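Encoded as structure tokens, the structure appears first; notes follow it.
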Amino acid sequence: MFDHNDVFVIFVLGGPGSGKGTQCANIKNDYGFVHLSAGDLLREEQQREGSEFKELIQTCIREGKIVPMEVTIALLEKSMQEAIDTDGKKRFLVDGFPRKMDQAIKFEKMVVESQFTLYFECSEETLVTRLLKRGESSGRIDDNIESIKKRFQTFKDTSFPVIEYYEEKSKVRKINAEQDRESVYIDVQKILDISLQRSDA
Ligand code: ADP
Ligand code: C5P
Ligand code: MG
């Protein structure tokens, strides 16, 4: 368990293809956050020689289902500890997590409480176009129309309630992710500049 006053976590949420990874790369560059994508960590674990979770992860990803939280939380916690131990870095963007209420509750109880959530809001119409385009080169087993439909359903049924939960706590900073990359990042910077100033005070 990390100290919430010492380890700073921003959750980054939004539908698949909303630009979480793209914007986290910008934030990492300009603000020095460590970027941890839950999906990337799961894909790495799925490819790791000797992993007992290979098949489970692959099936969940293809079907757009949420991997059992213990697996994902353990991967995140390990990466956070490594960043702290090797670089002394304590500011994290946790991208694509929590995607289910149980992940949110467990992570904040057992790892660290989040500061707030950046939510990239985007229509399905835009998301599907972006994901199919990304699928031309991503090599991802879930960037095809069948998996995309399943991922949208999971987002609506399972992940959106997490955003509503944090909204009730006034911990969501919403961004219009329909815009071009540069305009989205301008809005991201405005929010971060205000929020980080507050937390420094
Ligand atoms: P996520 O991590 O939320 O799934 P990505 O950052 O991988 O989303 O973005 C999905 C795809 O859309 C990528 O191919 C990315 O290059 C592209 N993309 C990201 N942001 C924008 C944007 N604002 N406008 C158009 N395309 C975008
Ligand atoms: O965020 P990304 O689109 O890379 O996630 C890909 C897949 O990884 C999700 O559709 C889901 O199957 C799995 N995932 C998960 N729990 C998370 C993040 C991702 O199960 N918190
Ligand atoms: Mg991503």
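None of these values were measured; they are calculated from a predicted model. Note that ligands are numbered from 1 as they come in the structure, with each ligand's atoms numbered from 1 the same way.
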Inset, instruction - Using atom types as modelled and distance alone, determine if a side-chain donor or acceptor of Lys20 lies under 3.5 Å from a backbone N or O of Gly14. - result: yes

Inset, instruction - With a 4.0 angstrom cut-off on heavy atoms, strictly below it, pick out the residues next to ligand 2 and order them by chain and number. - result: Ala38, Gly39, Leu42, Arg43, Cys60, Ile61, Lys65, Ile66, Val67, Gly96, Phe97, Arg99, Gln103, Arg140, Asp142, Arg151

Inset, instruction - Let me know which of Val9, Leu36, Val12 forms a side-chain contact (heavy atoms from CB on, under 4.5 Å) with Leu93. - result: Val12

Inset, instruction - May I ask you to decide if the ring planes of Phe116 and Phe8 are parallel, tilted or perpendicular, using 30° and 60° as cut-offs? - result: perpendicular

Legend entry - Glu121 side chain to Lys174 backbone, donor-acceptor under 3.5 Å: no

Legend entry - Basic-acidic side-chain contact under 4.0 Å: Glu136, Lys133: yes

Just list the side-chain donor-acceptor pairs under 3.5 Å for residues 97-107, sequence neighbours left out, or say none.
residue	atom	partner	partner atom	Å
Arg99	NH1	Gly96	O	2.9
Gln103	OE1	Arg99	N	2.7

Inset, instruction - Kindly say whether Arg181 contributes a backbone atom to a donor-acceptor pair with the side chain of Gln23 at under 3.5 angstrom? - result: yes

Can you list every pair where an N/O of ligand 1 is under 3.5 Å from an N/O on the protein?
residue	atom	partner	partner atom	Å
ligand 1	2 (O)	Gly21	N	3.0
ligand 1	3 (O)	Ser18	N	3.3
ligand 1	3 (O)	Gly19	N	3.1
ligand 1	3 (O)	Lys20	N	2.9
ligand 1	3 (O)	Lys20	NZ	2.9
ligand 1	4 (O)	Gly17	N	2.9
ligand 1	4 (O)	Arg134	NH1	3.2
ligand 1	6 (O)	Gly21	N	3.4
ligand 1	6 (O)	Thr22	N	2.8
ligand 1	6 (O)	Thr22	OG1	2.5
ligand 1	7 (O)	Arg134	NH1	2.8
ligand 1	8 (O)	Gly19	N	3.2
ligand 1	16 (O)	Arg181	NH2	3.0
ligand 1	23 (N)	Gln179	O	2.9
ligand 1	23 (N)	Arg181	N	3.2
ligand 1	24 (N)	Arg130	NH2	3.4

Inset, instruction - Would you check if there is a donor-acceptor pair between the side chains of Glu108 and Ser114 at a distance under 3.5 Å? - result: yes

Inset, instruction - If you link ILVMFWY side chains whenever their heavy atoms are less than 4.5 Å apart, which other residues fall into the same cluster as Ile148? By chain and number, please. - result: Leu127, Val128, Leu131, Leu132, Ile145, Phe152

